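Dumping the structure here so I can ask a few things about it.
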Protein chains: 2
Amino acid sequence: MSSNPVARRRPTHRKGRPTLTRESVGRAALDFLDHHGPAELTMRSLAADLGVSPRALYNYVEDRRDLLTVAAELFESEWRPPELDSGHWRESLRSYCRALRAHYRSHPGMTTLALTENITTARHPTMLRNVDTLIGFFEAVGLSLRDAYRACMETIRLVAGFVELQDIVYDRPPAHVNPADLAQLPPPWLRPKDPKDAGGYGEPEGSEPVGDLPHLARLGELEPDSPDTLFAFSLDILVEGIAARAA
Amino acid sequence: MSSNPVARRRPTHRKGRPTLTRESVGRAALDFLDHHGPAELTMRSLAADLGVSPRALYNYVEDRRDLLTVAAELFESEWRPPELDSGHWRESLRSYCRALRAHYRSHPGMTTLALTENITTARHPTMLRNVDTLIGFFEAVGLSLRDAYRACMETIRLVAGFVELQDIVYDRPPAHVNPADLAQLPPPWLRPKDPKDAGGYGEPEGSEPVGDLPHLARLGELEPDSPDTLFAFSLDILVEGIAARAA
DNA sequence: ACCTGAACACCGTTCAAGT
DNA sequence: ACCTGAACACCGTTCAAGT
């Protein structure tokens, strides 16, 4: 040991700012998503955030894909799931899914980015452990190993799909959708387009085009669901579906 | 009527190729996805495909977002769902979902594009009619109107989520994943990274890292699921979950 | 060893000009 | 009326050069 040369530490600062690392760059990318949309996350904007030139990032990550992979790994490692108790498995699974949903929503766009960049290489040990635990939970509930694996994948996909396809529209309404429209049934994307912007669906006096869509029309009389209520329904379906399988 | 000037038709051809229209441009975008990935669909590549300059597209669509909206509308209008029979509702719902899955897969990337571009404005009348019919089906099965709406959304989200998060990796394996790895359990994204590329998970002789993940390790002994089998499991969960709700 | 600045090949979009 | 070509402000990435 003493024959080794004195360990030369890499400097911790440079020009007054902490030295970059592979992890700190990935961390910055993940945090960036808390303030901006995924489309705004570019090598240049991230470099500007960090106060360096875009070229500097390439000393720590291979390319943009690699950067997003590091961010995805940090994202995975960040989550500490609640305890799972197969004794009260229904409520336990619900809590688990609610926590998982909150985690996905906490860094909005991370899943979308992973999707568009086809990132399947972020396999953080913490995530593998979480998945392993969840599979064990489903076995304890009464599923075969194979079904437990399937149920685990189904659970994750349900939560991720809900956040990406449902929550994202409510949490960050796109420029072209009126937030007030989200608080009504049916949601904007199930309302007929008003022809030529002349009085359409929302008109108080009954108008023609609705006649063809009787069930959608009747939805207008209902109080709208909050995203949380809708998610609770999804969980009901999942839980009872698994219960039927375990029986 | 006869006082109207003679209707001047717009020319149907120009320079030997059919004149572009808003619809034909959107159609070309949708068809483009059958041959290329969504990331390759650019204004320039599409224009090259059509044999025009990129600028020409802007005579028919406002911008890239608008182009993708037209493509999404065509995508929605293209689907003719199978008949729904509430008399044999379980098998009927299964067939419906299988057909819907096939539709999503037929133009891979369309949903991903709609997601990244936040397109919620594609509301083709055909799609609204299909949704309306599905809600009516769930009411006939025994759900309240509110639950029927929720079940309809849940069904669509389940199928879309399955295609985007599961099928896409099998149908178009990204460059960095070995297709042979997809035919094994656990899937690549649940296998521990081999440390420094030295013998890792796949090793015949038992190695350390697996000891910590007992359930994932036992998965290796199982024959892998085909995507179709995995989808059938998802449908089982959905159908029995809805059955419990309808009771 | 780590950074910057300039450059390259792309992208969406717009302008001025052609026919 | 509809198109092209050149241009602008972006993007990811690379090269040569600085300290």
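Reminder, nothing fancy here: chain letters follow the sequence lines and each chain counts from 1. Since the model is a prediction, treat every value here as computed from it, not as a measurement.
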So, is A/Asn59 near the phosphate of C/dC3, with a side-chain N or O under 4.0 Å from OP1 or OP2?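 Checking C/dC3 against A/Asn59, a side-chain N or O does come within under 4.0 Å of OP1 or OP2.
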
Heavy atoms of other groups near A/Glu78 CD, more than 12 under 6.0 Å: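 Atom CD in A/Glu78 is packed in, count exceeds 12.
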
Assuming nearest nucleotide by heavy-atom distance, tell me which of A/Ser53 and A/Arg44 is located more 5' along DNA chain C.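 Looking at the nearest nucleotide for each, A/Ser53 comes out on the 5' side.
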
So, applying side-chain contact (heavy atoms from CB on, under 4.5 Å) with A/Arg105, which one of A/Val159, A/Val163, A/Leu100 is it?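 Running side-chain contact (heavy atoms from CB on, under 4.5 Å) over A/Val159, A/Val163, A/Leu100 with A/Arg105 returns exactly one hit, A/Val163.
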
How many whole angstroms separate atom CG of B/Leu57 from atom C1' of D/dT4?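 Distance, rounded to whole Å: 13 Å.
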
Got a donor-acceptor pair under 3.5 Å from the side chain of A/Arg55 to the base of C/dG5?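 Answer is no: no donor-acceptor pair is held.
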
Please report the distance, rounded to the nearest Å, between CG in A/Asp63 and P in C/dA9.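 That distance rounds to 20 Å.
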
Students often get this wrong, so: under 4.0 angstrom with heavy atoms, is A/Arg64 touching a base, only sugar-phosphate, or nothing?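 If one applies the 4.0 Å heavy-atom cut-off, A/Arg64 turns out to touch the sugar-phosphate alone, with no base involved.
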
Of residues 33-42 of chain A, the positions that come close to DNA chain D - non-hydrogen atoms, cut-off under 4.0 Å: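 Contacts with DNA chain D under 4.0 Å: A/Thr42.
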
Atom pair distance, as rounded to whole Å: CG in B/Leu50 and C1' in D/dT4: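 Roughly 16 Å, once rounded to whole Å.
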
Counting only pairs under 3.5 Å, give me each side-chain donor-acceptor contact of residues 180-187 of chain A, with atom names and distances, residues two or more places apart or in other chains.
none

Under 4.0 Å between a side-chain nitrogen and a carboxylate oxygen: does that hold for A/Arg123 and A/Glu73?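 So A/Arg123 does not pair with A/Glu73 through a salt bridge.
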
Under the 3.5 Å Watson-Crick or G-U criterion, the dot-bracket string of DNA chain C, with | for inter-strand pairs: ||.|||||...|||||.||

Less than 4.5 Å apart, any side-chain heavy atom of B/Glu154 and any of A/Leu158?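 In short, these two side chains touch, coming nearer than 4.5 Å.
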
How about A/Cys97 and A/Leu238: do any of their side-chain heavy atoms sit closer than 4.5 Å?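 SC-SC contact between A/Cys97 and A/Leu238 confirmed.
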
Is there side-chain contact between A/Thr112 and A/Ile168, with at least one heavy-atom pair below 4.5 Å?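 Result yes, sub-4.5 Å side-chain heavy-atom pair found.
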
According to the interplanar angle, ranging from 0 to 90°, do the rings of B/Phe75 and B/His107 count as parallel (below 30°), tilted (30 to 60°) or perpendicular (above 60°)?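 If you compare the ring of B/Phe75 with that of B/His107, the planes turn out perpendicular.
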
Can a side chain N or O of B/Tyr60 be found less than 4.0 Å away from OP1 or OP2 on D/dC3?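 Yes, such a contact exists.
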
Does the cation-pi check pass for A/Arg101 over A/Phe231, that is, NZ or CZ under 6.0 Å from the six-membered ring centre and within 45° of its axis?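 Ring-cation test returns yes.
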
Looking only at side-chain atoms of B/Ala56, point me to the closest of D/dG12, D/dT4, C/dC3.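 Nucleotide nearest to B/Ala56's side chain: D/dT4.
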
